[in-house]
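Step one of this worksheet: look at the structure below.
Numbers restart at 1 for each chain; the letters A, B, ... are given by sequence-line order, proteins then strands.
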Amino acid sequence: MNRAIALIDVNNFYASCERVFNPKLNGQPVVVLSNNDGCAIARSAEAKALGIKMGEPWFKLKDIARQHGIIAMSSNYALYADMSNRVMAILSKFSPDQEVYSIDESFLDLTGMPGRHLDIAQEMRGRIRQETGLPVCVGIGPSKTLAKLANHAAKKGYAPDGVCDFNGFNERDLETLLAGIEIGEVWGIGRRLVPRLNGLGIKSVLDLKRADPEHMRQQFSVVMEKTVRELRGQACIELKEVAPPKKQIISSRSFGFPVTDLDSLSEAVSLYVSRAAEKLRRQESYAALLHVFIHTSPFGDGPKYSGSLSVKLPAPTDDSLQLVRVAMWILRQIYRPGFRYQKAGVMLSEITPAGGQQTDMFGFRPADDRSARRMVAMDAINGRWGKQTIRAASQGYKAPWAMRQGNLSPSYTTRWDEVLLVD
DNA sequence: TCTGGGGTCCTAGGACCC
DNA sequence: TCTGGGGTCCTAGGACCC
């Protein structure tokens with residue numbers, strides 16, 4: 001039996017979330033900006049129609065924004081994460097096999113489900129719209145790559161009502177459709193590969209589908225071979241139903257203003273390490289390698305510097321305080337005075353599951369169990385009383401470098417004091 | 001003045017070993 | 001002067017994704 005994999009994706013997710021709680025934004029061109037209000041990372045359909053590109057710096061858009069009355073919102077990740085959870089929970093009712101692929105996308109395996117898949121997809125759309133207010137599109141196909149492509153087709157209006165099921169197409173119609181889509185739209189074909197493929201005469205998705213998988217593997221890599229096979233309807237990429245633990249954890253931010261002194265950098269790095277360590281403990285892992293980096297802005301004429309260093313830890317750990325200590329040491333090694341730093345960050349890697357390390361023959365951790373108990377207490381207190389209630393002293397309290405958020409929407413769904421009241 | 005953040009996988013090439 | 005061949009492991013960097 002043909003596989004039927006669905007890809008459900010919220011239209012203009014961040015912009016749509018803002019609209020749910022602020023209907024004045026409906027029909028208006030809306031963009032959501034990245035941290036520091038740096039770049040446009042989400043656009044409503046109206047903003048896209050004005051030619052606003054993904055990732056475009058906001059300061060370059062101010063003129064066109066004024067002309068057309070574009071509304072810019074600072075990103076509100078607490079709100080988007082909460083809305084995402086609601087959408088995913090609704091979708092999970094439609095199939096036992098779900099992969100939450102990103103904050104606004106989910107694969108569902110519908111293979112063998114009774115009833116027309118088009119109807120099931122419409123029911124998903126209806127329930128999500130009704131229960132969250134968010135608009136979604138659904139693409140269905142025999143492989144993940146084709147499901148993604150079907151979703152694209154639905155969004156572009158190749159199929160009616162926001163749903164497209166490639167399994168319901170006959171071969172000729174499907175090929176006609178694929179012949180009209182550029183290869184850059186295919187999942188896994190990015191900026192660099194498009195010109196190389198074009199050079200081989202492969203321009204449309206249909207061309208790529210008709211390429212020889214073996215040959216493509218030789219010319220490119222096994223990834224490309226899988227893409228070609230998936231386009232032919234052969235599922236090569238399985239659904240990942242349980243999210244595997246992260247192999248690396250990054251925490252980094254651009255500063256709201258250039259930072260020059262070691263003290264401020266120390267505060268920032270200390271905060272980032274603590275955040276990364278929290279994520280590490282949440283997935284019950286230890287890290288053995290800590291990497292810290294700082295750099296100046298890559299743009300402009302000012303003097304540029306980029307410093308980074310990795311340190312192998314004496315033993316894998318999940319202890320914020322130990323990690324902060326090492327990070328502070330690294331920072332002192334890579335810091336150079338006289339530069340205007342724009343960004344700092346840390347990365348934890350060589351991650352292994354907790355347990356196993358540092359246990360004696362009876363399965364107990366030796367004396368330094370205090371560290372583990374300290375972290376449990378710290379996470380519990382911060383969970384109860386709010387992030388950063390307890391923290392390393394090196395984090396400081398002022399954070400003058402913190403990011404700018406000029407137009408942040410309230411935390412409608414995650415803070416009692418900001419809940420939207422309707423009368 | 002102002003340019004995001006967080007991930008994964010694959011490959012090539014060097015180091016090292018026998 | 002002459003200087004093999006094959007295997008593994010590791011890392012940096014490139015490509016992609018949202």
* Asked: Does Ser252(A) place a side-chain N or O at less than 4.0 Å from the phosphate oxygens OP1/OP2 of dG6(B)?
  -> yes
* **Ring-on-base stacking dT3(B) with Phe299(A) (under 5.5 Å, under 30°)** => yes
* Partner of Glu230(A) by side chain to side chain contact (heavy atoms under 4.5 Å, CB included), out of Leu146(A), Leu149(A), Ile237(A), Val186(A) -> Ile237(A)
* Check the distance between dG5(B)'s C1' and Met54(A)'s CE and give it to me in whole angstrom. => 11 Å
* Centre of Phe107(A)'s six-membered ring, under 6.0 Å away, within 45 degrees of the axis: is that where NZ or CZ of Lys144(A) sits? -> yes
* If you measure only the distance, is there a donor-acceptor pair under 3.5 Å linking the side chains of Asp109(A) and Ser95(A)? -> no
* DNA chain B: 5'-proximal contact among Gly55(A) and Lys240(A) (nearest heavy atom) -> Gly55(A)
* To do: Look at the side-chain N and O atoms of Ser254(A) and state whether any lies under 4.0 Å from the OP1 or OP2 oxygen of dG5(B).
  => yes
* What is the base-pairing partner of dC18(B), counting Watson-Crick and G-U wobble geometry with both distances under 3.5 Å? -> dG5(C)
* Would you tell me if any nitrogen or oxygen in the side chain of Lys246(A) comes within less than 4.0 Å of OP1 or OP2 on dT8(B)? => no
* Any side-chain N or O of Lys312(A) under 4.0 Å from OP1/OP2 of dT11(C)? -> no
* Structure fact -> Arg196(A) atom CZ is separated from dA15(C) atom P, nearest whole Å, by 8 Å
* Asked: Within less than 4.0 Å of OP1 or OP2 of dC2(B), is there a side-chain N or O belonging to Gln342(A)?
  -> no
* **Gap between atoms CG and C1', on Asp37(A) and dT1(B) respectively (whole Å)** => 14 Å
* To the nearest Å, how far apart are Ile52(A) CD1 and dG4(B) P? -> 17 Å
* Asked: What does Asp104(A) touch in the nucleic acid at a heavy-atom separation under 4.0 angstrom: a base, only the sugar-phosphate, or nothing?
  -> sugar-phosphate
* To do: Between Trp58(A) and Val222(A), name the one whose nearest nucleotide on DNA chain B is closer to the 5' end.
  => Trp58(A)
* Distance-only polar pair, side chains of Ser264(A) and Asp261(A), donor-acceptor under 3.5 Å -> yes
* Give one of base, sugar-phosphate or nothing for Val186(A), where a contact means two heavy atoms less than 4.0 Å apart. => sugar-phosphate
* Describe the nucleic acid contact of Leu33(A) in one word from base, sugar-phosphate, nothing, applying a heavy-atom distance below 4.0 Å. => nothing
